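One-based numbering, in listed order, for ligands and for the atoms of each. Owing to the predicted nature of the structure, the values given are computational and were not obtained by experimental measurement.
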Amino acid sequence: MAQKERITKVWIEEGCIVCDACETAAPTVFEVTDDTCIIRPEALNPDFTKPLTAEIVEAAEECPTDVIKYDVVLEDAPEGADAPTPPAAKSTASADAAGEAPAKAAPAKSPEAPAPKPAEPVTAAATAAKAPGKSDEAADGLDPGIQALLRAATQRGGNVGILKKAATVPESVQSIKRKPARDLPPDAKQARVIQEAKKRSKDPDKDRRALLNTAALTVGWSAFGVSVGVSCGPAFARFMMPNVLEEPDPRVRVGKIGKYVEMEPGDVNEDYKPQGIWMIREESRIAALSIICTHLGCIPNWLKNDRKFKCPCHGSGYRPDGINFEGPTPRPLERFKIFVEDGIVIVDKSNKYQYELGQWDMLGSYLEV
Ligand code: FES
């Protein structure tokens with residue numbers, strides 16, 4: 001009958017860098033905590049580890065720091081069984097504590113590599129010598145359930161062993177954990193990548209939430225900045241500007257003198273009403289009338305057929321020369337200064353002439369044509 005190598009005991013030596021590679025390969029045997037890696041209690045039983053020989057071997061080979069050790073024995077394998085055989089054991093087989101045939105020693109993993117140091121096994125005899133409930137060095141401080149598993153395993157004649165977790169992490173291991181991934185050797189770098197990927201996989205929404213939070217903050221602060229800029233920008237710019245009044249140029253160019261020469265006496269030109277000016281023609285003069293009603297400031301309309309200006313607000317009426325003749329207005333329309341410059345007629349709205357003050361005969365209140 002063919003014989004297969006079976007792992008009867010597995011343990012972890014100092015130097016674990018918490019890379020998760022072992023738990024990935026054999027999750028029922030290894031458990032990676034925040035600080036180190038431990039053997040699960042049920043994996044202290046040879047009956048548990050033997051069927052998992054292939055996974056444990058793979059975990060040992062994946063371990064970048066080579067801290068996973070195990071013992072193997074040769075067992076008869078029934079025909080057709082495809083139980084895996086470890087390619088190379090990491091430790092020599094331990095003699096069975098119950099006095100059975102000693103296990104065949106497995107070859108070392110590498111001829112150059114130093115022989116792995118097996119953990120001190122707690123044999124059945126040693127365990128049996130101790131009364132139940134009494135503490136020993138290996139089981140001191142362990143969970144009662146684990147202690148029960150230890151006793152059960154040793155009473156069945158198996159080898160068990162638990163290495164206490166190292167009180168402190170060696171400086172060499174700490175320095176590896178502190179280094180950035182780009183400075184690590186290839187195996188440790190791979191282990192770091194696996195470890196970080198596993199942490200991310202525990203909370204797949206973490207990155208997405210962080211991204212959404214960042215985007216929300218960016219949009220919020222941008223909107224706040226834009227609203228502050230829009231609402232306060234013009235006021236700030238006005239505050240920084242010199243405190244001066246900006247008024248339109250009072251001088252309006254109303255065209256060449258020729259077009260006014262052609263007008264008939266009594267005609268009104270409304271081309272410059274948007275600028276506040278009516279150009280009127282008298283017998284031998286032209287003048288520039290203000291379009292503001294002298295009653296309360298409305299804008300009258302020029303009624304060509306009636307030959308008058310009529311204010312829509314209170315009914316004041318003015319003749320084509322601007323003299324008032326009906327309604328509540330107390331005085332005629334005002335006239336602006338008018339003169340010619342380079343053949344162009346200029347109206348200066350900053351200078352006004354009032355009829356009731358006798359100013360319409362003043363030079364500048366009219367233009368001879
Ligand atoms: Fe023109 Fe009163 S404002 S009539």
Visitor: Taking just the N, O or S atoms of His314, which one is nearest to atom 2 (Fe) of ligand 1?
Guide: ND1

Visitor: For Ser350 and Asp348, test the side chains for any donor-to-acceptor distance below 3.5 angstrom and give the result as yes or no.
Guide: yes

Visitor: Flag Cys313 as yes if one of its N/O/S atoms falls below 2.8 Å of atom 2 (Fe) of ligand 1, otherwise no.
Guide: no

Visitor: So, for Trp360 and Tyr353, is the gap between ring centers shorter than 6.0 Å?
Guide: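 Ring-ring flag for Trp360/Tyr353: false, centres at least 6.0 Å apart.
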
Visitor: Give the contacting part of Cys293 toward ligand 1: side chain, backbone, both or neither, where contact means a heavy-atom distance below 4.0 Å.
Guide: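 For Cys293, the contact with ligand 1 is made by the side chain alone.
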
Visitor: Which atom, counting only N, O or S, brings His295 closest to atom 2 (Fe) of ligand 1?
Guide: ND1

Visitor: May I ask you to identify the nearest protein heavy atom to atom 3 (S) of ligand 1, giving residue, atom name and distance to one decimal place in Å?
Guide: Leu296 N, 3.2 Å

Visitor: For atom NZ of Lys256, is the number of surrounding heavy atoms from other residues, nucleotides or ligands below 6.0 Å larger than 12?
Guide: no

Visitor: May I ask you to identify the nearest protein heavy atom to atom 4 (S) of ligand 1, giving residue, atom name and distance to one decimal place in Å?
Guide: Ser316 OG, 2.9 Å

Visitor: Short list, please: which atoms of ligand 1 are under 4.0 Å from a heavy atom of Cys311?
Guide: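 Matching atoms, with element in brackets: 1 (Fe), 3 (S), 4 (S).
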
Visitor: Would you say the SG of Cys298 sits less than 2.5 Å from the SG of Cys311?
Guide: no

Visitor: Within the supplied structure, the quantity of interest is the number of heavy atoms (other residues, nucleotides, ligands) at a distance under 6.0 Å from Glu368 CD; does it exceed 12?
Guide: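 Correct, the count exceeds 12.
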
Visitor: Is there a donor in the side chain of Tyr70 and an acceptor in the side chain of Thr49, or the other way round, less than 3.5 Å apart?
Guide: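 On atom types as modelled, these side chains do not qualify, holding no pair under 3.5 Å.
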
Visitor: Taking 2.8 Å as the cut-off, does Cys298 contribute an N, O or S atom near atom 2 (Fe) of ligand 1, distance below it?
Guide: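 Within the cut-off used here (under 2.8 Å), Cys298 places no N, O or S atom near atom 2 (Fe) of ligand 1.
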
